[in-house]
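Take a look at the structure below.
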Amino acid sequence: MRKKVFIANWKMNYDFHETTFFIRNLLKIVFERKINHNKEIILAPSFPFLHISNQILQGTNLNIAAQNIHHKDKGSYTGEVSAYMLKSIGVKNVILGHSERREFFFEENNVLSEKIKIALKYDLNIIFCVGESFYERSNDQQFHIVKHQLKETVFQCSSDKIKSFYIAYEPIWAIGTGKTATFEQAQTMHKFIRNLFLEKYGESISNKISILYGGSLNDINAKDFFYQKDIDGGLIGNSSLKLEKFLKIVQS
Ligand code: PEP
């Protein structure tokens, strides 16, 4: 049985004090209420706070993720952060392909493919986001779009690398908008994605790969999603910034 995975994407929110305060309180409650049993919790704070966050989480089974990496190893790329650097401070996970990176930083599948290679080189697990725009869904192109996004990126990897991936289906029109996909729409897409893994890599990998939903998940709607056969948890933005809301989602 696949473990449920919950990833808090804090984006460009929270300073040092807010980040550390949140994590310390989260840890306290998680252990008091024993809510991490058979669940994986990953927090994605901003770059400057990854190291301290990792130190606070030492000895627990909660983990951190970076929100991005540069696609090169090192060099003259002012302002960028590499997988090599993150590895040196104990980061084990990175979010790639988020629609905000695709939209505001023009990251296309070819660059994402390079980022995947460098992440794998430094043994980072990859939370890889896919999803269609509102226009694409209105034109019934969602399956084609998601298949294409995977084909040009994740599916370039050999089967022994797939264990390093989580896939996050995030319909762009549902991110930060308060509009969620229905759980039926999400389940249909998740099943479609699992079938693509089946066709490409076979049954064992397709049964094991975790496919998370993201897009305006909250403490009220989360359980409808997590009941679905092919939805293995969530990538959570806004609702992960409120401790009690995030905990309720994890407990859904
Ligand atoms: C996200 O940014 O990955 C996300 C799912 O955000 P939100 O939960 O706010 O829609």
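When a residue number appears, it is its place in the shown sequence, counting from 1. Computation of the quantities below employed the complete heavy-atom set of this structure, encompassing side-chain atoms and omitting hydrogens, waters and symmetry-equivalent molecules. Atoms within a ligand are numbered from 1 in the order they appear, just like the ligands themselves.
Protein residues having a heavy atom under 4.0 Å from any atom of ligand 1 are Asn9, Lys11, His98, Glu170, Ala174, Ile175, Gly176, Gly214, Gly215, Ser216, Leu235, Ile236, Gly237, Asn238, listed by chain and number.
To the nearest 0.5 Å, atom NE2 of residue His51 and atom CD1 of residue Ile64 are 9.0 Å apart.
The list of side-chain hydrogen bond (donor to acceptor under 3.5 Å, both in side chains) pairs with a residue in residues 122-133, not counting sequence neighbours, reads Asp73-Tyr122, Asn93-Asn125, Glu132-Arg137, Glu132-Tyr169, Glu132-Trp173, Ser133-Glu136.
In this model, no donor atom of one side chain and acceptor atom of the other lie less than 3.5 Å apart for Arg2 and Asn207.
Pairing each heavy atom of Phe22 with each of Ser240, the nearest pair is CZ-O, 3.4 Å.
Under the salt bridge (charged side-chain N to carboxylate O under 4.0 Å, His left out) criterion, Glu244 pairs with Arg33, sequence neighbours left out.
Grouped by direct or indirect side-chain proximity (heavy atoms under 4.5 Å, Ile/Leu/Val/Met/Phe/Trp/Tyr only), Ile220 sits alone.
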